[in-house]
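Below, chain A is the first sequence line, B the second, and so on; all start at residue 1. We use all heavy atoms of the structure for the numbers below, so side chains are in, but hydrogens, waters and symmetry mates are not.
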Amino acid sequence: MESHWLSLFDVTINFDQSHLFFPRIVTWVLVILLALILLSRYRRVIPALKHTGRVLAGREGEFDHKRFFGTLVLTTGYFYLMSVLSDVFPNTGYSFLIMSVVFILLLSLLYVDHLTRRLFVIILLNALIAPTLAWYVLAQLFRITLP
Amino acid sequence: MDILSHLTPMFFGLIAAGTLVGIIFGAIPGMTATMAVAVCLPLTYALGLESGIALLLGLYVGGISGGMVPAVLLNIPGTPSSITTTFDGYPMAKRGEGERALKVGIVASIFGGLFSAAVLFFFAPVLADFAIKFSYVEKFLIILLALTVIASLCSNMLMGIFSGVLGVWLSLIGTYSITNGGNGEPRLMFDFMEYYLIDGFSLLPVLIGIFGLTTVLLDAEKGFKDETGQGPIKLKGGARFSFGIFKGQQINLVRSSGIGTFVGMLPGVGGSAASVLAYSQEKNFSRDSSQMGKGAPQGIVASESSNNALTGGALVPLLSLGIPGDSTTAILIGAFTLQGIQVGPLFIGNNMDTWYLMIIALVAANFLMFGIMYFAIRYIAKVIEVPKFILYPLIIMMCVVGAYAINYGIMFDVWTLLIFGVFGYVAHKIGLEVVPLIIGFILGNSAEVYFVKSIESYGNLTIFFTKSPIAVLLWALIAVSVAFAIYLRVCNRRQPIVES
Amino acid sequence: MKPFWGSTCLALLASAAIGLTTSAQAADDCPLPGNLRVVIGSTSTGGDTYQNSSIVVDRLADKLDINAKVDAVGAMAAFRALERSRRGNTVMIFHDQSYLGNLYGVNGYSDIFEDYVVGPTIAINPGNAYLVPKDSPYQSLEEIIDAAGNGKEVRVAIQPGGVSEIGFSALKNAVRLKYPGKEDNLVAVNTGSQADKNQMLFDGLADVIQGSVQANEQYTQLPADDQKAMRFVWLTARHDTIAQANEEGMGNTTREQLLQYVEPNVHVPMNADQDFTFDKEFFFLYNKDMDPAAIHCIDDALAEIYDEGEIQEQQKRAFFIPNFKPSQEAAGYLKEKRDEYATILDNLKG
């Protein structure tokens, strides 16, 4: 009798399909939780979406478009050009070095508020020295592979 | 005694050098202890066994400890196991108590490190025999116990659990890896994504993306208005450090170090689970945990003592079973085999001198770590005075290095950084909770393997309850942990909370 | 904005100049880059692939006077990196898994003989082993085959889809030859790392595990009453391979003792007149479009290194068996090896 009851919990997993077993459970739990969230807060969802839209379009709230999207564009460009350039200088880390100098300089200039001559020199030196130091120590001394 | 001849100034010099380099690696967001050990491994060929061990153990201890620095000062965990340090460390730093938080962390670290070294020295073989009582079933329950922390960490239960499950879901993207005994088939993605995602998203790029890049994006959105060359956070102010903080923390120290040592001992469970478990146990069982998550030193104590206790713990299975307890000790195996030393159950008996030297090196590395960190901290803490227009570009650059280097040079890991940086930003905006998400992501893979393999092995779900007394005990802990989380929540609800 | 652009351009030019000078200084008649990246099919820097590769690559770099670095990126990432590197800046070192993964139909493994150029072999890891608990009823591999043939289920813990499974498949094939139709009594328990396989044995969930001489030898030295104690039943290596190992063998097990567990003492028929053996061999893989002159160059450099005779000592100390075959010979040899194993797997399917 007992063994019959226990056999209710028998589960066999076909090895060929075992990659789907756990993800399926997790996906279902996720969907149920999402449904619960939407049900319990549906009244707040649509206004929140509208609010986000307005903020992104710059009609409401404090949102620094230049710096936010600038960061995204610069970072994407940095990563993209780094991978392109690393085919030009393979296995040397030069691509990382060159692109990091450019990226750090541009991002610093994007972020700084009141650019003075003194600040510019600091930023420029930082953009030149920091990546060079990182590249030298990591790629040359520790022989870490860099793009 | 033959080993005395090895205890030269050179030996301790190498430990110190290793510890220092390790701390630097750990302190740079994106660089980890594992990486430090990996890059220095080739040096050990030339150094010979004893000196090589000195260097590597220094790197290991230093690397784990250094992880607290960016966790406290920048809210970016330097290594995955210091994620829980950010919960209380960063709020303290924001109050101007960065230096205090770091000192608390260092003291907790050395305690955890020495505790685990002592456990390693006195009990290694016994504990190894105990650790092999943990099969897939018990390991799954440990992971489940660690996941229950989500219930006590989130600010909204439903969103928190959803975020945690989403984290698990994200970690499953990729193939069911054959190195874990899976069938190597991809899931949770479209065919065209297979080229990039066949190995899934790596933990480190995800972590530094969500913590590092997201922080930059959130600040960029606000436009750095308060930036006039001065950092936003005051270095001084707030309470100062004194050892009085540790009054009443004895239980916490011992419990957290014990958890760290023990989790470190279980191969495959992974270091990050240790600090998560220790943190949640402190939250559930301490007399007053109301301030945890808002800048309570006890949180840092739990996190840092447990993650440093990993070092000794992870060496237990390495030295008494020949099996690495974590990714860093896996590299140590390489160092041994390169020197012609075989690791396995007979290691300690066959290599007494090496064994004593390792314990001495481990203890020395902890003291040296303490010395270096304690006095360097006032300078390190200045990092938060660096203006953000200088600091943030550097952080992104170092995150790139870390992401690219973690798997020895894969460009997709750098893109993962960006993807999860943006994802973290969006998550923030729509009210997903990042910490449960990351915890889910960290533990998801192990949860799958242990769960599926348990069922494959036993074919019946009841095995999770009936496998062994250990399993029953773990269920009890899980039940208590969940009950406490709910109890605390109900209690807190009675007090008015001012939140958004 | 002018000074800023000026300096960036300067930095760019300067860095470009450095780049050109170093990459142009590779050895005279060798069209190899000054910085060679060697990716391996394993993610572990503590494993045998990394160890072997770093022994060989260090010497190769010295010989060719170039910088070379081993990167443990893992199989999939390594194949990708290799595909992208038409100019031969990246080469790969891997072992039999590279074609066994394809034979077992593991996702992401293509036919290496089609898609890449197979380069020279460098060494053998002779340690692939099968073990039972010390108190196991099975005294030898033959008893295991007989037990399976007589209807008893024998569970073997392996990592699916490659090097760890091939011995299991051969064993299954041997049961099929001796007791047709009974081969399904040999059951694979699919698991992961060596730790997981050992754990399967401790938990009593497997009767036999795949392991290695290096990782498991100490377990065989434990007293019989220790629950962790194990016993070798089979080393898949050829007799000649083990015979080349240092006399001390590994740990407390001498070469003489190891030889008990290889053919012809242990007998796993592959077909009517041949025994199955498996040596885990490490070899280079190149991009399809790699300059043949560069391939030649690596072949020649390796030939010189192996002629000097030092590398053999170093490899043997690390329990590897030196096994240099130049590209042409290696490719033909490995293809033949692959075809043999393909037959076994086909027989089992049919």
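Residue C/Ser164 does not touch chain B at all, counting heavy-atom pairs closer than 4.5 Å. Residue contact with chain C, scored on non-hydrogen atoms closer than 4.5 Å, involves the backbone of B/Asn180 exclusively. At a 4.5 Å heavy-atom cutoff, the contact between B/Ile198 and chain C is made by side-chain atoms alone. Residue C/Glu83 touches chain B through its side chain alone, counting heavy-atom pairs closer than 4.5 Å. Contacts of C/Val73 with chain B are made by both backbone and side-chain atoms, with heavy-atom separations under 4.5 Å. Looking at B/Leu332, there are no atoms closer than 4.5 Å to chain C (heavy atoms on both sides), in backbone or side chain. Within the 4.5 angstrom heavy-atom criterion, atoms from both the backbone and the side chain of C/Thr191 approach chain B. Looking at C/Arg37, the atoms closer than 4.5 Å to chain B (heavy atoms on both sides) all sit in the side chain, from C-beta outward. C/Gln227 touches chain B through its side chain: at least one heavy atom from C-beta onward sits under 4.5 Å away, while N, CA, C and O do not. There is no contact between C/Asn216 and chain B, counting heavy-atom distances below 4.5 Å. Using a 4.5 Å cut-off between heavy atoms, B/Asn350 touches chain C through its side chain atoms alone. Only the side chain of B/Tyr458 comes within less than 4.5 Å of a heavy atom of chain C; its backbone N, CA, C and O stay farther away. At a 4.5 Å heavy-atom cutoff, the contact between B/Ile132 and chain C is made by backbone and side-chain atoms alike. When heavy atoms are compared at a cutoff of 4.5 Å, B/Val343 approaches chain C solely by way of its backbone atoms N, CA, C and O. Only the side chain of C/Tyr50 comes within less than 4.5 Å of a heavy atom of chain B; its backbone N, CA, C and O stay farther away.
Most heavy-atom pairs under 4.5 Å with chain B: of the set C/Asp226, C/Val70, C/Val106, C/Asp71, this distinction falls to C/Asp71. Heavy-atom pairs under 4.5 Å with chain B were tallied for C/Met76, C/Gln159, C/Arg317; the largest tally goes to C/Gln159. Ranking C/Gln194, C/Gln221, C/Lys228, C/Lys69 against chain B, the residue ahead of the rest is C/Lys228, based on heavy-atom pairs under 4.5 Å. No other option in B/Ser177, B/Gly184, B/Gly334, B/Pro345 has as many heavy-atom pairs under 4.5 Å with chain C as B/Pro345. Of all the listed residues (B/Pro324, B/Gly322, B/Ser135), the one sharing the greatest number of non-hydrogen pairs under 4.5 Å with chain C is B/Ser135. When C/Ala77, C/Ala318, C/Ala72, C/Gly161 are compared by the number of non-hydrogen pairs under 4.5 Å with chain B, C/Ala72 comes out ahead.
Closest approach of C/Pro160 and B/Gly182 over heavy atoms only: CG-O, 3.2 Å.
B/Pro186 places a side-chain heavy atom less than 4.5 Å from the side chain of C/Asn107. Within the 4.5 Å cutoff, side-chain heavy atoms of B/Lys453 are placed close to those of C/Asn190.
One N or O on the side chain of C/Tyr219 and one on the backbone of B/Leu321 form a donor-acceptor pair closer than 3.5 Å. Although no hydrogens or angles enter the test, the distance criterion places a donor-acceptor pair under 3.5 Å between the side chain of C/Gln218 and the main chain of B/Leu346.
Distance check: C/Ser44 OG to B/Ile333 CD1 gives 8.5 Å after rounding to the nearest 0.5 Å.
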Side chain to side chain contact (heavy atoms under 4.5 Å, CB included) assessment of C/Arg80 paired with B/Met411: CA-CA 11 Å; C/Arg80 303 257 191 283; B/Met411 198 60 205; over 6 Å; no
Begin from the C-alpha positions of C/Glu217 and B/Gln342 and carry the test side chain to side chain donor-acceptor pair (under 3.5 Å) through to its verdict. CA-CA 9 Å; C/Glu217 190 272 336; B/Gln342 203 188 350; 2.9 Å; yes
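Counting non-hydrogen atoms of other residues, nucleotides and ligands closer than 6.0 Å to CZ of B/Phe123 gives a total of 12 or fewer.
Near-neighbour residues of residues 195-212 of chain C relative to chain B, defined by a heavy atom under 4.5 Å from a heavy atom of that chain, comprise C/Ala195, C/Asp196, C/Asn198, C/Gln199, C/Met200, C/Phe202, C/Asp203, C/Leu205.
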